[in-house]
Amino acid sequence: MSALGALSGGAAGVAGLLSLRRRAAPPPSGLASSPHLPSLKCAVPPDAGQLVWGRQLRPALLPAALLPPQPARRNALRPPAAAAGEAKPAGFLDKYPALVTGFFFFMWYFLNVIFNILNKKIYNYFPYPYFVSLIHLVVGVIYCLISWSVGLPKRAPINSTLLKLLFPVALCHALGHVTSNVSFAAVAVSFAHTIKALEPFFNAAATQFVLGQQVPLSLWLSLAPVVIGVSMASLTELSFNWTGFINAMISNISFTYRSIYSKKAMTDMDSTNVYAYISIISLLVCIPPALIFEGPQLMQHGFSDAIAKVGLQKFVTDLFLVGLFYHLYNQLATNTLERVAPLTHAVGNVLKRVFVIGFSIIVFGNRITTQTGIGTCIAIAGVAMYSYIKARIEEEKRKKSA
């Protein structure tokens, strides 16, 4: 599944907590009117209401002039406090931002490659993409719930309005996720990612004809190599079949509409919480088709065949790990893309696809024809050109509006 849009995110709404401010009672009138005592002002802590015991006040609330002398205390030696206005020493994250961003990119690519390889290996002995897609989301939701329970991150409240905004995004996310996995199960990983390189073409078409926003001619021209390259690769791809091709195309359309609905569902919620809520809704959406299309086969022989081939422990471990890698690479992709400029974001996505295609060919030893290899390279080059031009256009728009 493409890392774009990792949104990036419904559950029952919760009421916000209201903090109550307590006001301390005014000092006794005798103290204020005494001619022998100077007028003293005493700062009362905001929670002074909890410091009143019956009719007596704790010494912490009385002026220092009224208290009996206290014996001097020997304070332990403490390092001198930093002067006011003195800057704190910069931490590692602030000192080396490029290193940190590079680490984010590395982990994004690494987890994505591992996910694609492990995912395809599971399909080699357990060809049930609807159920495997469901497991991806189940593990991700469990991860989110555990993270919320320990406060990393703190769960953002949600209401019916936000739920209505996020549901179309989650629906498109679920459809795109399932059809991607059906494609990965049917054809080689490298070929599936080559077809998914057409996603920018569908994005441009939806922007022009659905949203009614004019797409520059330069962007349309940059998409020509993508279409030509994918066509060349498809004609001579040894693993080609219509199931894999059609589902990859449906995945492209689904993720395109996910991007459209995501723009309409802009909220103040952080990307981690948005992606968690989208994962929960997507899980609920994916349960019925998994039961309808694969439920009977799984109960009859699907599980038993997989356990007979690899054993119960490896089968369960593989399913858990592939779900964990799926969630982590999507979450890390969202966090990574928040740290970089649009141009870096575009280049990063193209390089990610190159990494996945290259490693999948090496690991699985997929034989590809010369024409397929050339077509794949042309398609990837077209995606790179499109991403570069689009990022430059977005940059110019931002500078003009600033």
Side-chain angles (χ1 to χ4, degrees), residues 1-8 165 167-184 187 191-235 237 240 242-266 278 282 333 337 342-343 345-350 352-354 357 375-398:
M1 172 183 168
S2 174
L4 287 173
L7 294 173
S8 221
L165 289 174
F167 183 79
V169 183
L171 182 63
C172 294
H173 178 76
L175 181 59
H177 175 53
V178 171
T179 50
S180 290
N181 278 282
V182 173
S183 177
F184 290 146
V187 298
F191 181 54
H193 276 276
T194 302
I195 303 172
K196 287 175 68 62
L198 281 172
E199 190 174 324
F201 174 82
F202 289 97
N203 277 325
T207 302
Q208 178 91 43
F209 303 111
V210 178
L211 297 180
Q213 301 174 5
Q214 189 66 30
V215 175
L217 180 62
S218 56
L219 275 180
W220 283 115
L221 293 176
S222 68
L223 288 170
V226 182
V227 177
I228 294 172
V230 172
S231 300
M232 288 178 59
S234 301
L235 289 173
E237 170 60 38
F240 178 88
W242 285 108
T243 300
F245 181 83
I246 292 173
N247 276 276
M249 297 294 280
I250 295 174
S251 172
N252 286 334
I253 298 172
S254 301
F255 289 140
T256 296
Y257 275 92
R258 183 185 67 180
S259 300
I260 293 173
Y261 286 119
S262 296
K263 292 178 182 178
K264 298 179 180 180
M266 289 296 183
I278 287 178
S282 299
L337 301 182
L343 183 57
H345 161 279
V347 174
N349 274 289
V350 175
K352 184 266 302 183
R353 201 173 295 282
V354 172
I357 291 174
T376 301
C377 292
I378 292 175
I380 296 299
V383 173
M385 190 186 310
Y386 168 86
S387 302
Y388 176 79
I389 295 174
K390 185 178 181 181
R392 291 295 296 269
I393 292 173
E394 294 295 329
E395 186 95 19
E396 291 174 4
K397 286 182 181 178
R398 193 166 52 254

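As a basis for the values below, the full set of heavy atoms in this structure was taken, side chains included, without hydrogen atoms, waters or symmetry mates.
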Asker: To the nearest 0.5 Å, tell me how far Met385 CE sits from Ser222 OG.
Answerer: 7.0 Å
Asker: Tell me the closest heavy-atom pair linking Ile195 and Ala248, and the distance in Å.
Answerer: CG2-CB, 3.5 Å
Asker: Would you mind reporting whether Phe245 and Ser234 have side-chain heavy atoms less than 4.5 Å apart?
Answerer: yes
Asker: Hey, could you give me the CG/NZ distance between Asn252 and Lys196, rounded to the nearest 0.5 Å?
Answerer: 5.5 Å
Asker: Ser282 vs His177, test: side chain to side chain contact (heavy atoms under 4.5 Å, CB included). Steps then yes/no.
Answerer: CA-CA 9 Å; Ser282 299; His177 175 53; over 6 Å; no
Asker: Under 3.5 Å, is there a donor on one side chain and an acceptor on the other for Gln213 and Gln208?
Answerer: no
Asker: Hey, are the side chains of Leu219 and Lys390 touching, using non-hydrogen atoms and a 4.5 Å cut-off?
Answerer: yes
Asker: Taking all non-hydrogen atoms of both residues into account, name the closest pair between Ile260 and Ala206 and its distance.
Answerer: CD1-CB, 3.5 Å
Asker: For the CZ atom on Phe201, are there more than 12 heavy atoms of other groups (residues, nucleotides or ligands in this structure) within a distance under 6.0 Å?
Answerer: no
Asker: Is the closest side-chain heavy-atom distance between Val215 and Trp220 below 4.5 Å?
Answerer: yes
Asker: Does the side chain of Ser180 come within less than 4.5 Å of Phe255's, by heavy atoms?
Answerer: yes
Asker: Pair Glu199, Asn203 - check side chain to side chain contact (heavy atoms under 4.5 Å, CB included), show working.
Answerer: CA-CA 6 Å; Glu199 190 174 324; Asn203 277 325; 4.0 Å; yes
Asker: Using the side-chain contact (heavy atoms from CB on, under 4.5 Å) rule, pick out the option among Thr376, Ile380, Val354, Ile357 that qualifies with His193.
Answerer: Ile357
Asker: Enter the distance from Tyr261:OH to Thr256:OG1 here, rounded to the nearest 0.5 Å.
Answerer: 12.0 Å
Asker: Quick one: do Arg392 and Glu395 make a salt bridge, cutoff under 4.0 Å?
Answerer: no
Asker: Would a distance-only check, ignoring hydrogens and angles, find a side-chain to backbone donor-acceptor pair under 3.5 Å from Ser183 to Thr179?
Answerer: no
Asker: Would you check if Pro200 and Val226 make a side-chain contact, meaning some heavy-atom pair closer than 4.5 Å?
Answerer: no
Asker: Please report the interatomic distance OG1(Thr194) to CD(Glu237), rounded to the nearest 0.5 Å.
Answerer: 7.5 Å
Asker: Out of curiosity, His173 NE2 to Ser259 OG, how far, rounded to the nearest 0.5 Å?
Answerer: 12.0 Å
Asker: When rounded to the nearest 0.5 angstrom, what is the spacing between OG in Ser218 and OH in Tyr386?
Answerer: 10.5 Å
Asker: Where is the tightest heavy-atom contact between Leu223 and Ala204, given as atom of each residue plus distance?
Answerer: CD1-CB, 3.7 Å
Asker: Quick one: list whatever passes ring pair (Phe, Tyr, Trp, His ring centres under 6.0 Å) with Tyr257, sequence neighbours left out.
Answerer: none
